[in-house]
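Step one of this worksheet: look at the structure below.
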2 protein chains.
Amino acid sequence: MAKRKPKWRSGCPLNASLEMLGDRWSLLIIRDMMLLGSQRFKEFLGSHERIATNILADRLRKLGAYGIIRTESDPSDGRKLIYRLTPKGIDLAPVLTEMVLWAGRHEKTENQALVRLMEKDKQKFLEGIRERWKQNQTHWNRSSKLIPRLGGGSLGPSEAHQRLI
Amino acid sequence: MAKRKPKWRSGCPLNASLEMLGDRWSLLIIRDMMLLGSQRFKEFLGSHERIATNILADRLRKLGAYGIIRTESDPSDGRKLIYRLTPKGIDLAPVLTEMVLWAGRHEKTENQALVRLMEKDKQKFLEGIRERWKQNQTHWNRSSKLIPRLGGGSLGPSEAHQRLI
DNA sequence: TTTTTAACTTGCATTTTGCAAGTGACTTGG
DNA sequence: CCAAGTCACTTGCAAAATGCAAGTTAAAAA
């Protein structure tokens with residue numbers, strides 16, 4: 001019986017996270033799903049950072065293997081696939097948020113509106129992210145592709161996210 | 001006047017974080033500094049993940065260039081250098097914490113004691129990290145290399161961290 | 001003064017990334 | 001119902017990053 005190589009370099013939880021997400025692209029894909037509602041291969045290609053198609057395919061495969069996203073086929077169009085965050089995937093919201101807050105504090109970045117929204121009430125922001133995700137889980141087969149807004153504030157994440165990319 | 005290439009692929013704060021920290025090693029080095037109090041080249045080499053010397057040298061250089069760590073020479077020994085987290089570096093504690101919590105929740109990892117400590121009172125944990133960092137800033141030239149403990153709880157991070165690696 | 005120690009650097013093989021072009025299943029417009 | 005898209009990839013190849021082992025340099029210890 002062949003001894004399979006260990007899953008991780010070490011059992012440290014931080015190391016586990018890094019082995020799954022420690023590259024330049026994975027969390028950007030998750031950002032697009034989480035904040036912009038991206039679900040299609042083409043939508044990911046549209047982001048400002050310009051990921052290559054082969055890398056995107058590879059990352060989607062890996063994220064699927066890790067249980068962070070899952071893939072469905074679109075019943076209304078045999079060519080299309082739908083990529084969705086799993087519960088494990090949406091649980092990355094706090095990680096993503098802290099990374100945005102850190103860079104927002106220490107680097108000159110765009111989209112300070114998003115940073116301020118996160119700073120103003122982090123908990124509410126995270127709840128909004130999760131709520132929108134739930135909505136899209138249950139009502140995903142509606143005709144409209146519109147992503148529901150968060151809360152009732154004057155500047156919801158939808159607006160802020162437009163400038164994230 | 002030559003046009004220098006832009007600092008980042010995009011102005012997104014998440015992307016900025018990823019360009020600085022999005023690899024398999026940088027955050028592990030920061031973990032060792034933050035939780036174990038590592039300050040020397042050799043100490044980083046001792047971690048369980050076994051980073052190579054050339055990669056370590058490269059990451060220390062980059063982290064320095066980003067202002068996340070700084071390097072001092074040891075006045076008592078001309079061979080030795082001391083690597084320390086800057087304020088920008090210690091501000092990564094929440095990022096690191098959320099990554100540990102995420103993996104702790106979704107993967108079978110070691111050191112669940114640390115995970116539980118973070119879960120029990122995240123705010124207090126973060127304050128403890130920062131407090132210990134401050135101590136080491138001001139009292140770093142004491143004879144003792146002992147890292148002060150956090151708070152007064154029965155299981156301080158010092159103990160938990162021993163098993164993190 | 002020889003030996004050790006600390007912090008690297010160098011050389012080289014392997015792996016990963018990035019870019020451009022191509023492919024195949026499916027849908028749409030005429 | 002057929003040609004022309006569209007979608008989600010794959011392939012080939014060059015360039016960059018990573019990993020491993022061995023070597024280097026300056027300073028300290030024996």
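Letters go in sequence order (proteins before strands), and every chain restarts at 1. As a basis for the values below, the full set of heavy atoms in this structure was taken, side chains included, without hydrogen atoms, waters or symmetry mates.
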Distance, rounded to the nearest Å, where A/Ile29 contributes CD1 and C/dT17 contributes C1' | 14 Å
Would you mind reading off the distance between A/Lys42 atom NZ and C/dC26 atom C1', rounded to a whole angstrom?
-> 14 Å
From D/dA8, C/dA20, D/dA28, pick the nucleotide closest to the side chain of A/Leu81?
-> D/dA8
When the distance from CD of A/Glu49 to P of C/dG18 is rounded to whole Å, what number comes out?
-> 12 Å
Salt-bridged, A/Asp91 to A/Arg130, with N to O below 4.0 Å?
-> yes
Are A/Phe44 and A/Leu60 close enough that some pair of their side-chain heavy atoms sits under 4.5 Å apart?
-> yes
Side-chain heavy atoms of A/Leu21 within contact of A/Ile68, under 4.5 Å = yes
Side-chain touch B/Trp133/B/Met33, heavy atoms, less than 4.5 angstrom = no
A/Thr53 or A/Arg59: which one's nearest nucleotide on DNA chain C is closer to the 5' end?
-> A/Arg59
Quick one: label B/Asn54 by what it contacts on the DNA or RNA (base, sugar-phosphate, nothing), any heavy atom closer than 4.0 Å.
-> base
Specify the separation, in whole Å, of atom CD1 of B/Ile55 and atom P of C/dT14.
-> 16 Å
Kindly indicate whether the side chain of B/Met20, heavy atoms from C-beta on, has any atom under 4.5 Å from the side chain of B/Lys62.
-> no
According to a strict under-4.0 Å criterion, is A/Trp25 in side-chain N/O contact with OP1 or OP2 of C/dG18?
-> yes
Starting at atom CD1 of A/Ile51, determine the distance to atom P of D/dT10, rounded to an integer number of angstrom.
-> 14 Å
Between C1' of D/dT10 and CZ of A/Arg61, the distance in whole Å | 9 Å
Can you check whether B/Lys80 has a side-chain N or O nearer than 4.0 Å to OP1 or OP2 of C/dA6?
-> no
Rounded to whole Å, the CZ-C1' distance (B/Arg24 to D/dG19) equals 13 Å
Distance in angstrom units between A/Glu72 CD and D/dC7 C1', rounded | 17 Å
Can a donor-acceptor pair under 3.5 Å be found between the side-chain atoms of A/Arg79 and the base atoms of D/dT6?
-> yes
Please determine, for the side chain of B/Ala57, which listed nucleotide (C/dC19, D/dA28, C/dT9) has the closest atom?
-> C/dT9
OP1 or OP2 of D/dT18 less than 4.0 angstrom from a side-chain nitrogen or oxygen of B/Arg50, does that happen here?
-> no
Which nucleotide in the set D/dA8, C/dA7, C/dC19 lies at the smallest distance from any side-chain heavy atom of A/Arg40?
-> D/dA8
